[in-house]
Protein chains: 2
Amino acid sequence: MKARVHVMLKNGVLDPQGEAVRHALGALGFDGVEGVRQGKVIELDLAEGSSEATVTEMCEKLLANTVIESYTIELG
Amino acid sequence: MKARVHVMLKNGVLDPQGEAVRHALGALGFDGVEGVRQGKVIELDLAEGSSEATVTEMCEKLLANTVIESYTIELG
């Protein structure tokens with residue numbers, strides 16, 4: 001089975017990568033870019049029968065720094 | 001309007017970050033992790049009326065290195 005985890009910086013945490021992308025898009029002539037946030041996406045290929053609880057544990061222990069990052073899990 | 005862009009390394013391109021995550025999950029005792037790919041997710045906050053074609057152009061020009069990376073766009 002596949003699982004996809006999105007890890008984003010929490011709101012209020014400064015996102016210099018996103019800010020750099022926003023600035024670069026403006027410099028390239030793209031108007032109307034009001035905000036950019038950049039995060040990570042991790043695609044896991046898991047053994048059949050793995051549960052969402054296992055993926056949550058992976059996020060808490062390794063994939064996300066829960067002090068400054070939030071995560072969402074999609075199974076499918 | 002919001003747009004979300006996923007940028008992943010193409011299949012066949014070595015993904016050392018994903019490989020490091022896979023190894024670390026194994027070391028933490030998570031069995032059955034058969035593969036991990038890590039990519040980027042970029043959330044764009046755009047002016048109303050922006051088109052998917054504009055976001056595609058952003059991907060081609062800046063957000064993805066199309067030689068080694070593929071991208072998908074979700075509007076919403």
Side-chain angles (χ1 to χ4, degrees), chain A residues 1-11 13 15-65 69-75, chain B residues 1-11 13 15-65 69-74 76:
Chain A
M1 61 177 281
K2 301 265 187 188
R4 177 183 267 193
V5 175
H6 286 106
V7 180
M8 300 295 294
L9 287 167
K10 288 181 180 173
N11 286 332
V13 178
D15 179 1
Q17 278 190 304
E19 203 50 35
V21 170
R22 194 181 66 77
H23 188 260
L25 286 171
L28 285 171
F30 292 102
D31 298 325
V33 181
E34 287 157 16
V36 180
R37 303 285 286 175
Q38 183 170 330
K40 290 180 286 188
V41 56
I42 300 157
E43 290 184 352
L44 301 159
D45 194 1
L46 300 169
E48 287 306 315
S50 303
S51 67
E52 182 163 352
T54 308
V55 182
T56 302
E57 200 183 339
M58 291 177 184
C59 291
E60 293 285 335
K61 285 194 176 167
L62 180 73
L63 303 180
N65 174 352
E69 293 171 329
S70 60
Y71 59 87
T72 54
I73 297 169
E74 288 166 36
L75 297 179
Chain B
M1 62 177 280
K2 300 266 187 189
R4 178 184 266 192
V5 176
H6 286 106
V7 179
M8 300 294 294
L9 287 168
K10 288 181 180 172
N11 286 332
V13 178
D15 179 1
Q17 277 189 305
E19 205 47 36
V21 170
R22 193 180 66 78
H23 188 261
L25 286 172
L28 286 171
F30 293 103
D31 297 324
V33 181
E34 288 157 15
V36 180
R37 303 285 286 173
Q38 183 169 329
K40 289 180 288 189
V41 56
I42 299 157
E43 291 185 351
L44 301 159
D45 194 2
L46 300 169
E48 288 306 315
S50 303
S51 68
E52 182 162 353
T54 307
V55 182
T56 302
E57 202 183 338
M58 290 177 184
C59 291
E60 293 285 336
K61 285 194 176 167
L62 180 71
L63 303 180
N65 174 354
E69 293 172 328
S70 60
Y71 59 86
T72 55
I73 296 168
E74 288 167 35

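Note that the structure is a prediction, hence the values are computed from the model and not measured. In what follows, every chain begins at residue 1, and chains take the letters A, B, ... in the order their sequences are listed.
Closest approach of E69(A) to L63(A), counting heavy atoms only: OE1-O, 4.4 Å. Nearest heavy atoms, F30(B) versus V33(B): O-CG2, 4.0 Å. For the residue pair M1(A) and L75(A), the shortest heavy atom distance occurs at CE-CD2, 3.7 Å.
In this structure the side chain of K40(B) never reaches within 4.5 angstrom of the side chain of Q17(A), judged on heavy atoms.
Contacts from residues 18-27 of chain A to chain B, taken as heavy-atom pairs separated by less than 4.5 Å, involve V21(A), A24(A), L25(A) in sequence order.
Here L44(A) contributes atom CG and K2(A) contributes atom NZ; the two are 10.0 Å apart, rounded to the nearest 0.5 Å. The structure places NE2 of H6(B) at 4.5 Å from CZ of R4(A), a figure rounded to the nearest 0.5 Å.
Not a single donor-acceptor pair under 3.5 Å links the side chain of R37(B) to the backbone N or O of V41(A).
Chain B forms the most heavy-atom pairs under 4.5 Å with one residue out of L62(A), V5(A), T54(A), and that residue is L62(A). Heavy-atom pairs under 4.5 Å with chain B were tallied for Q38(A), E48(A), M58(A); the largest tally goes to M58(A).
Heavy-atom distances place both the backbone and the side chain of E57(A) under 4.5 Å from chain B.
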